[in-house]
Amino acid sequence: MNKIYLDNAATTMVSKEVLESMIPYYMDYYGNPGSLHDMGSEAKRAIDNAREVVGEFMGCDPDHVIFTSGGSEANSIVISGFTGSNPKMYTRVEHPSVIKAMESKHGAMSTWPLPVHEDGTVFTVGLEDAMRKHKVDFLAAMWVNNEIGSINDIAYLADICKNNGVWLHTDCVQAAGGIKLKAQNTGVSSMSISSHKIHGPKGVGALYIRDFSKMNGFIFGGQEHGIRGGTENVPGIVGFAKACEICMRDFDSNVEKIRSNKMRFVNALKY
């Protein structure tokens, strides 16, 4: 019996192009990127090239992208590593990796869960007053909700945060592939994405950080601006970059295909 998979919001199948791009870095160019010999240099070049592509996909300077093991780790890095000592805010519908990191790192007495509307978008009325009252220095608000698909106006939230000196982190794991992210133009302070949501391999993601001086190390070792140490997952990073490249190449046709299929499905249910 043929299986029909309807859970791409949770994870996607690795595309053939992505898989083919990864194989050489398992079999031929398997050097440690930190080594000075040719095999290491080849792996380092692959990471540098991948960072350029992922930076373009995220809409930011590639020098401000660090590679992680996925979206959850990226969220934890920002929340645990942020140097500000004032109270923090997050929306009530954030991913568990955000909520649990907030509770673990900062505690209930110094975090403020924000209410949301019925559609899941953040309740912005009185937000600036609350930020000033509690002297908040950090807000976490996902761009697209991973359960119900609601979309926050991240540019608007970024303006509010900028006006009040608040760091805005946005979890874009669910937004990637469906929205052109444009991290720098939007004005966010940090942004997380994950490879396996866009037909890339599992176990790799990326984090945009606007200002590294506001961030402490999370895993020590020297790599990734000293924030996320450890020998890089070169095949995964290469595959991730290929997935981003394909996503940018096919963005318009993919969005139209998804929109068309959605309407066909909705109409079939109606009639």
Side-chain angles (χ1 to χ4, degrees), residues 58-60 64 66 68 71-176 179 181-193 207-218 225 227:
M58 298 180 81
C60 66
H64 287 259
I66 68 170
T68 71
S72 292
E73 185 189 273
N75 292 334
S76 291
I77 287 173
V78 171
I79 293 166
S80 298
F82 182 66
T83 57
S85 58
N86 287 8
K88 313 287 186 280
M89 283 181 166
Y90 61 93
T91 76
R92 292 185 182 276
V93 293
E94 290 301 301
H95 188 270
S97 63
V98 168
I99 295 174
K100 291 181 179 180
M102 283 283 192
E103 293 173 346
S104 175
K105 178 66 177 179
H106 304 291
M109 296 302 293
S110 60
T111 55
W112 302 87
L114 291 173
V116 295
H117 295 285
E118 290 181 354
D119 64 358
T121 56
V122 64
F123 198 82
T124 57
V125 174
L127 178 57
E128 287 193 84
D129 290 339
M131 284 179 171
R132 292 172 184 143
K133 177 181 178 181
H134 301 297
K135 299 180 179 177
V136 168
D137 63 11
F138 186 104
L139 168 63
M142 58 171 48
W143 199 322
V144 176
N145 186 272
N146 57 301
E147 297 292 344
I148 58 176
S150 50
I151 303 174
N152 276 311
D153 187 342
I154 291 299
Y156 177 61
L157 288 175
D159 282 342
I160 292 176
C161 288
K162 182 179 179 181
N163 292 337
N164 291 276
V166 174
W167 182 284
L168 174 62
H169 172 65
T170 183
D171 176 344
C172 290
V173 169
Q174 211 64 53
I179 291 175
L181 300 177
K182 299 181 181 178
Q184 287 182 201
N185 288 347
T186 306
V188 300
S189 305
S190 55
M191 173 188 289
S192 56
I193 62 173
L207 173 63
Y208 160 70
I209 299 176
R210 185 180 64 199
D211 185 356
F212 286 110
S213 71
K214 300 289 183 68
M215 206 61 53
N216 286 322
F218 183 72
H225 289 273
I227 289 174

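Numbering starts at 1 and runs along the sequence shown. Bear in mind the structure is a predicted one, so any value in this text is a computation, not a measurement. Computed over heavy atoms, backbone and side chain alike; hydrogens, waters and symmetry mates excluded.
Between V116 and V122, the shortest heavy-atom distance links the atoms CG1-CA, 4.0 Å. I193 and A176 get closest at one heavy-atom pair: CG2-CB, 4.2 Å. Shown here for M191 and H169, the closest heavy-atom pair between the two residues is N-ND1, 3.9 Å. The shortest non-hydrogen separation linking L157 to A141 is CD1-CB, 3.9 Å. When all heavy atoms of V93 and G120 are compared, the closest pair comes out as CG2-O, 3.7 Å. Scanning both residues, M102 and M89, for their nearest heavy atoms gives CE-O, 3.6 Å.
Among residues two or more places apart in sequence or in another chain, the side-chain hydrogen bond (donor to acceptor under 3.5 Å, both in side chains) test is passed with W167 by S190. Take E128 and apply the side chain to side chain contact (heavy atoms under 4.5 Å, CB included) test, not counting sequence neighbours, and it matches R132, I160, N163, N164. Applying the side chain to side chain contact (heavy atoms under 4.5 Å, CB included) criterion to S97, with sequence neighbours excluded, gives S72, N75, H95. Under the side-chain hydrogen bond (donor to acceptor under 3.5 Å, both in side chains) criterion, D129 pairs with no residue at all, not counting sequence neighbours. Among residues two or more places apart in sequence or in another chain, the salt bridge (charged side-chain N to carboxylate O under 4.0 Å, His left out) test is passed with E103 by none. Looking at residues two or more places apart in sequence or on another chain, you find a side chain to side chain contact (heavy atoms under 4.5 Å, CB included) between F212 and H64, I66, I209, H225, I227. Residues meeting the side-chain hydrogen bond (donor to acceptor under 3.5 Å, both in side chains) test with Q174, sequence neighbours left out: none.
Separation of atoms CD1 (I77) and CG (L207) is listed at 6.0 Å; rounding is to 0.5 Å. The CD atom of E73 sits 11.0 Å away from atom OG of S192, with the distance rounded to the nearest 0.5 Å. Distance check: L168 CG to S189 OG gives 6.0 Å after rounding to the nearest 0.5 Å. Separating the OG1 atom in T111 from the OH atom in Y90 is a distance of 4.5 Å, to the nearest 0.5 Å.
A 4.5 Å side-chain heavy-atom check between W143 and V188 finds every atom pair outside the cut-off.
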Original post:
What do the steps show when you test L181 against Y208 for side chain to side chain contact (heavy atoms under 4.5 Å, CB included), and what is the final call?
Top reply: CA-CA 11 Å; L181 300 177; Y208 160 70; over 6 Å; no
For a side chain to side chain contact (heavy atoms under 4.5 Å, CB included) check, start with the C-alpha distance between I151 and I179, then their side-chain angles and the critical distance, and finish with the verdict. CA-CA 10 Å; I151 303 174; I179 291 175; 4.2 Å; yes
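Every pair passing salt bridge (Lys or Arg N to Asp or Glu O under 4.0 Å) that includes a residue from residues 83-100 is listed here, sequence neighbours excluded: K88-D137. Residue pairs meeting the salt bridge (Lys or Arg N to Asp or Glu O under 4.0 Å) criterion with at least one member in residues 106-118, sequence neighbours excluded, do not occur. Identified under the side-chain hydrogen bond (donor to acceptor under 3.5 Å, both in side chains) test for residues 144-159, with sequence neighbours left out: none.
Counting only distance, with no hydrogens or angles, the side chain of T121 and the backbone of H117 share no donor-acceptor pair below 3.5 Å.
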Under 3.5 Å, which donor-acceptor pairs do the side chains of residues 79-86 form with other protein atoms, sequence neighbours left out?
residue	atom	partner	partner atom	Å
S80	OG	S76	O	3.1
T83	OG1	K214	O	3.2
N86	ND2	K135	O	2.9

